[in-house]
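Structure first, commentary second.
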4 protein chains.
Amino acid sequence: MLNRVILIGRLTADPELRYTNSGTAVASFTLAVDRMRSGQTGERQTDFINIVVWQKQAEIVAQYLQKGRLAAVDGRLQIRTYDNREGQKVRVAEVVAETVRFLDRGSDTGQSTAGFGGGTTPMNRPRPDRSSAPPLYEDDPFADDSQTIDISEDDLPF
Amino acid sequence: MLNRVILIGRLTADPELRYTNSGTAVASFTLAVDRMRSGQTGERQTDFINIVVWQKQAEIVAQYLQKGRLAAVDGRLQIRTYDNREGQKVRVAEVVAETVRFLDRGSDTGQSTAGFGGGTTPMNRPRPDRSSAPPLYEDDPFADDSQTIDISEDDLPF
Amino acid sequence: MLNRVILIGRLTADPELRYTNSGTAVASFTLAVDRMRSGQTGERQTDFINIVVWQKQAEIVAQYLQKGRLAAVDGRLQIRTYDNREGQKVRVAEVVAETVRFLDRGSDTGQSTAGFGGGTTPMNRPRPDRSSAPPLYEDDPFADDSQTIDISEDDLPF
Amino acid sequence: MLNRVILIGRLTADPELRYTNSGTAVASFTLAVDRMRSGQTGERQTDFINIVVWQKQAEIVAQYLQKGRLAAVDGRLQIRTYDNREGQKVRVAEVVAETVRFLDRGSDTGQSTAGFGGGTTPMNRPRPDRSSAPPLYEDDPFADDSQTIDISEDDLPF
DNA sequence: TTTT
DNA sequence: TTTT
């Protein structure tokens, strides 16, 4: 019904930019969000939260954000379930960003990422080695199904 | 830095009420939050999100909420890491509720759960069998450390 | 940079549906949002917050919401400034809803308002008497300027 | 029922720190929050939103925030009504901050403002001239009523 | 009344 | 697996 998440934190690493079979850009990164235990002193705890960004925003994020940068994310919490190599169900939580704001640097370059231009469907998209990470996006929410012919597991970028 | 989550959804089951060794009440339940793919029609997808509530609110939630009830949760997203039986690191995402609102029923009974009375430290607390669920709270954020002497794994309510 | 508001409350009256000169639908209503003073007992205070909804959502809201209904609003806080009859600058705060959820009634009819169909540009739009309320929308954010020729103050629906 | 506002923006001026009759600190400032009209280019619009902070946070804000600084506010939207000099009802919208984060400067000084120490009831509190601004807080939500004897309009700091 |  |  309603699902809204707002976070501010720092990137633990450079964002990773990938493309689905149908050519949609997806960027992902982890945000280190410091917790503050009210009352008790001296304690510093951190939540490491996975963020996913789609389409034009993905490319802007990949271009302007790096490890250590401070960013604000406004999106929704999503729980994905998949089967790992051992055939066990694994649940992954991530925040699907609707907008990402860059909070660190100078005034105008890439300060925001919403409602921008861009959007050229990329050719020559990179084909990274399959990592041991979960197969993130078997379903591309932005794919135009009619023209995505041959989606095979092996073609997925994750 | 900033970590805010707001959800509306329905309980997938009755909340479970437990107590830490130091006597702090903890309630947990899962919220089914319907997603709505903008643009595409007919699709209904659901995120199942784990919620945790502490102290007085835990007891109010356990008393007034049941499976199927509609509720609003305002809290923060937390990622916990623990080692499972096989010795693997497992990451669990959950929303730690600051407030829970009951949206279904009549006007005044248990309509809200913030800043209420209650709070009697419970005697005869139930000792449920250990489920296969993750050992949720090795660290009780509300424990007064000075008087919690013998925390052993076997005493944990999860 | 970031501007996010989430509210749950009850409508103080039926929503009002209007149309701008360029034919864009706008619905407005007031949400009574109960406050709860933490700590102190027995006090009930209420914030009356003006909500504005545009386009297809405006028509859905006007069709399904009535006085007394419980609703959740997700949007952004906007401060508009205008000159009143006495020539004084007046500031009006309102929440521009991105989505409105209906929380009261049955399961499926009009339960949500995002990404729906509708959208037929209405003919025979009502021309309500000008109230003493502020001239709400001299700027229609959805107007296609090129085809809106003769916007005069007298044609505004507010 | 639920009332949550999250904002990121820049201070239009230094915060003003005042004290109620009962000695509670209150800081107020205005946040300039840039809007971004999705789709249309080149337009930059700004909402000027009044923020109010109470107690220890008020003093931290007054100490560390200045005009032009970037800050994140997490709080609730409140509508106050009062009668102005001409005897007209005036409505004022403001965000009562629960937490304020400082986003501009260096790593550790005053980076956050929640759950901090401080809290010494201030002596020699300043008695600013009454401005033409609205009489902000006839009701001090943190006052211990039993010991606040003689609240008169003239003693209010606003 | 307004910030970069 | 983690950021300042």
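Not measured: the values here are computed from a predicted model. Chain naming here is simple, since letters A, B, ... match the order of the sequence lines and numbering starts at 1 in each.
With sequence neighbours excluded, the residues forming a side chain to side chain contact (heavy atoms under 4.5 Å, CB included) with B:Asn50 are A:Arg91, B:Thr30, B:Glu94, listed by chain and number. Qualifying side-chain hydrogen bond (donor to acceptor under 3.5 Å, both in side chains) partners for D:Thr12, counting only residues two or more places apart in sequence or in other chains: none.
Side-chain contact check for A:Glu59 and A:Tyr19: at least one donor-acceptor pair (N or O, by modelled atom type) lies under 3.5 Å.
In this structure, the nucleotide among E:dT4, F:dT1, E:dT2 sitting nearest to the side chain of B:Lys89 is F:dT1.
The aromatic ring of A:Phe48 is stacked on the base of F:dT2, with the two ring centres less than 5.5 Å apart and the planes inclined by under 30°.
Atom CG of B:Leu2 is separated from atom P of F:dT3 by 21 Å (rounded to the nearest Å). Taking atom CG of A:Leu7 as the reference point, atom P of F:dT4 lies 18 Å away to the nearest angstrom. Per the geometry, CD belonging to A:Gln66 stands 15 Å off P belonging to F:dT3, to the nearest Å. Between the P atom of E:dT3 and the CZ atom of D:Phe29 lies a distance of 16 Å, rounded to the nearest Å. Going from atom CG of D:Leu70 over to atom C1' of E:dT2 covers 16 Å, rounded to whole Å. A:Arg101 has its CZ atom 16 Å from the C1' atom of E:dT3, to the nearest Å. As rounded to whole Å, 20 Å separates atom P of E:dT2 from atom CD of D:Glu94. Atom CD1 in C:Ile79 sits roughly 14 Å away from atom P in E:dT1 (whole-Å rounding).
Within the 3.5 Å criterion, the main-chain N or O of A:Ile49 finds no donor-acceptor partner in the side chain of A:Asp47. Between the side chain of D:Arg69 and the main chain of D:Tyr64, a donor-acceptor pair closer than 3.5 Å is present.
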Pairs counted as Watson-Crick or G-U wobble with both distances under 3.5 Å: what dot-bracket string results for DNA chain E, using | for bases tied to another strand?
....

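The side-chain heavy atoms of A:Val26 and A:Leu17, taken from C-beta on, include no pair separated by under 4.5 Å. Counting heavy atoms from C-beta outward, A:Asp83 and A:Lys89 have side chains that approach closer than 4.5 Å.
You'll find a donor-acceptor pair under 3.5 Å spanning the side chain of C:Arg91 and the base of E:dT2, going by distance alone. Not a single donor-acceptor contact under 3.5 angstrom links the side-chain atoms of D:Thr30 to the base of E:dT2.
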